[in-house]
Amino acid sequence: MKKMLSILLAVMIAVTCAAALADEVPQTEGGKKFEGAWALTGGLVEIFYEEEGYRVAVDLCTIGEGTGTLWEYSCLYNEAEDALVSVSSTKRSYTYNLSTLERTDGEPVYYGAEEEAGKETVFSFAENGSLKWTSAREPEAGADLEFRSIGRFNGSWYSAEGEEPVWVDFHWLGLESENFCYEVYLHRGDDDVYTEFTMTGVYDEETGKLTCTGRSVDEADTETYEAVFSMQEDGKMLYEAANGIVMEYDLLGANNG
């Protein structure tokens, strides 16, 4: 009897997995170019692929005042328009502490599915390569805004390759200040022997690389260091140190959720 139940359970699991695979829709090539982060001073758009569609977050912040607005969209790729088109949206305002950057979200201004055709939000590219944000619900929201690619260097990354572990944390500064660059923290080594660096990272759209320069946190070390990072097609990050170090996204260490 137990053997029969085991067989039936295995069959049920196999059928469930097969059904899940049958429902899975592969990502289209046309939509891949939207993935990543796009920015202007005081504004950030982050686009991630999730199963059948894309999660898009648009964050506009009033620098120095501790206030901002966040729009979040679920989008599908429209091949005919070569654009991401929203199927649902949420808008909320927030405040943040200027010292700690701790954020407090307000209640949604609106949320839910785009019930009426023609009220969707569209993300597309201009001729100069910038990302355009066009909202039928709020035409003034994205008017005249051009978001430039800043790569996909967000949160914390880790690698145990080579002679010593490596941790890197990336934070985009453009939402809190006029600096159009990343703040990068690099830690190499174990708890007993390690070096730490604070760096400023500048992204090159043509090469897809983030070049970082900075110094050790040890004040006695006055030498300037450089580190170069780039994303790979498999979603991992290459740290161009000796022999190259491949890093993976660290969910537990991520600073952006």
Side-chain angles (χ1 to χ4, degrees), residues 26-39 44-51 54-55 57 101 125 129-131 147-177 179-257:
Q27 183 181 15
T28 59
E29 287 297 322
K32 290 182 178 180
K33 58 182 174 289
F34 288 91
E35 288 188 280
W38 311 79
L44 180 66
V45 179
E46 294 183 284
I47 303 177
F48 303 93
Y49 180 72
E50 294 181 329
E51 297 178 352
Y54 294 82
R55 178 165 57 92
L101 302 183
F125 289 106
S130 64
L131 182 72
F147 297 87
R148 302 301 305 183
S149 174
I150 58 169
R152 290 186 288 165
F153 304 92
N154 61 314
S156 298
W157 296 74
Y158 171 76
S159 176
E161 290 186 4
E163 298 180 358
E164 55 185 9
V166 178
W167 290 266
V168 185
D169 189 81
F170 300 91
H171 175 70
W172 176 246
L173 290 177
L175 279 175
E176 291 93 30
S177 72
N179 294 320
F180 202 76
C181 57
Y182 285 90
E183 180 181 61
V184 181
Y185 168 76
L186 173 62
H187 178 115
R188 297 194 61 160
D190 55 29
D191 293 336
D192 296 323
V193 181
Y194 61 87
T195 52
E196 298 173 294
F197 306 90
T198 55
M199 298 180 161
T200 297
V202 178
Y203 179 69
D204 187 322
E205 287 188 64
E206 293 186 5
T207 64
K209 295 183 177 183
L210 184 73
T211 300
C212 307
T213 55
R215 286 183 164 182
S216 167
V217 298
D218 181 357
E219 295 182 357
D221 186 353
T222 59
E223 186 176 349
T224 299
Y225 292 88
E226 180 176 288
V228 179
F229 301 91
S230 57
M231 294 298 300
Q232 299 182 307
E233 291 184 359
D234 60 1
K236 296 180 181 179
M237 184 184 296
L238 177 64
Y239 168 30
E240 296 183 17
N243 301 321
I245 297 174
V246 177
M247 312 190 71
E248 296 189 2
Y249 190 67
D250 184 2
L251 288 172
L252 296 180
N255 62 9
N256 65 340

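In this structure, C181 SG and M199 CE are separated by 13.5 Å, a value rounded to the nearest 0.5 Å. The distance from the OH atom of Y49 to the CD1 atom of I47 is 14.0 Å, given to the nearest 0.5 Å. For the atom pair CZ of R152 and CD of E46, the computed distance is 12.0 Å after rounding to the nearest 0.5 Å. Expressed to the nearest 0.5 Å, how far SG of C212 lies from OH of Y203 amounts to 12.5 Å.
With sequence neighbours left out, the ring-ring contact (aromatic ring centres under 6.0 Å, His included) criterion links F147 to no other residue. Legend: residues meeting side chain to side chain contact (heavy atoms under 4.5 Å, CB included) with D234, ordered by chain and number and at least two apart, are Q232, K236. Legend: residues meeting ring-ring contact (aromatic ring centres under 6.0 Å, His included) with F125, ordered by chain and number and at least two apart, are F34, W38. Checked against ring-ring contact (aromatic ring centres under 6.0 Å, His included), Y185 has no partners two or more places apart in sequence or in another chain.
Across G208 and F153, no two heavy atoms sit closer than the pair O-CZ, 4.0 Å. Among all heavy-atom pairs drawn from V184 and G201, the shortest one is CG2-N, 4.2 Å. For the pair A241 and R188, the tightest heavy-atom approach, listed with the atom from each and the gap, is CB-NH1, 3.8 Å. Here the closest heavy-atom approach between residue E205 and residue S149 is recorded as CG-O, 3.6 Å. Between Y54 and E35, the closest heavy-atom pair is CE2-CG, 4.1 Å. Looking at every heavy atom in both residues, D204 comes nearest to E206 through OD1-N, 2.8 Å.
Remark: the backbone N or O of G235 is not paired with any side-chain donor or acceptor of Y249 at under 3.5 angstrom. Listed for the S159 side chain is a donor-acceptor partner under 3.5 Å among the backbone atoms of V246.
Applying the side chain to side chain donor-acceptor pair (under 3.5 Å) test to pairs two or more places apart or on separate chains, those with a residue in residues 208-220 are K209-E240. The ring pair (Phe, Tyr, Trp, His ring centres under 6.0 Å) contacts involving residues 205-225 comprise F197-Y225, where partners must be two or more places apart or lie in separate chains.
Looking only at side-chain heavy atoms (C-beta outward), L44 and I150 come within less than 4.5 Å of each other. Here the side chains of W157 and Y239 are not in contact, with every heavy-atom distance at 4.5 Å or above. The side-chain heavy atoms of L210 and M237, taken from C-beta on, include no pair separated by under 4.5 Å.
Note on ring orientation: taking the six-membered ring where Trp is involved, the planes of W167 and Y158 are tilted (angle from 30° to 60°).
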